[in-house]
Amino acid sequence: MEKIFMNKNDLKNLKKWFADYVSAFYTDDYDDNLALNVKKGHTMRVCENIVMIGRKLDMSKHDLIIAETIALLHDLGRFKQFKEYGTYNDMISANHARLGLREMAAHKVLSICLKAEKELIIKAVNYHNSLKLPSGENERTLHFIRLIRDADKLDIWKVFLEFFHEKNNRQNNIFMLDLPDEPEYSNEFIEALQRQTMASMKDMKTLNDFKLLQIGWVYDLNFVPTVQVVQSHNIIERIEALLPQSKEITEAVSHAKEYVKMRL
Ligand SMILES: [Fe+2]
């Protein structure tokens, strides 16, 4: 029978392939395996998040399968990145979206897809971590890029908040992107919060910058169901609690809080 669309079974097979692919990266180093496990868990939760958002947006069954495939593959490059560079910080290693696309091509992961599906998946993986949405893409492509960006952020916040209190161990450093935990923070991130724009990861100098940046991610959210999770899980307040207390920070963060309220 001629192939029409990607179906549930294709996705199931891809999940099996993914699990095998990841398992090849494990070594006898406990910390490294844990770091890989967290990314594997992240992938599974981003799959759940994207389906949750997609269902609330009344997407078709087929489009939900495409969306979940994007989520499954969006961070594929993380495993190679960690193996080669020992970090998840793209700024001091390589862009993990590009690494993932290279791996997908090398392993012919999308050979089961139709051309149109393949293009969507590749573009969504490619732009899942870019500072801005690309210009010149059609609405359908942008829709899937927006979905993965929202689904991904929800889980990055979760992982960050979970690992933050695991003080002074290797895990903490990995998920804090190996940034120095000093009391300073950079003005760019304060200004970005005030202007309600997203700052760039490349400007991060301290762990506080990363916290401010993550609060500013709310300005990049695309869908109301995602904003609702940010609100109900008190994401902004919980990250704010990890920052030094100052008038300047409280004031800057209040802009992000107002923005969330406005979006609901
Ligand atoms: Fe990613």
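First listed ligand is number 1; within each ligand, the first listed atom is number 1.
Placement of Leu120 and Ile145 in two distinct hydrophobic clusters is found when ILVMFWY residues are connected by side-chain heavy-atom separations under 4.5 Å, directly or transitively.
Atom CG in Leu147 sits 11.0 Å away from atom CG in Asn49 (nearest 0.5 Å).
In this structure, Phe144 has no ring-ring contact (aromatic ring centres under 6.0 Å, His included) partners at least two apart in sequence or on a different chain.
For Asp152 and His42, the side-chain atoms include at least one donor-acceptor pair closer than 3.5 Å. When only modelled atom types and interatomic distance are considered, Ser186 and Asp209 share a side-chain donor-acceptor pair under 3.5 Å. Side-chain polar atoms of Asp178 and Thr87 form a donor-acceptor pair below 3.5 angstrom.
Counting only protein N, O or S atoms, the number found under 2.8 Å from the Fe ion (ligand 1) is 3.
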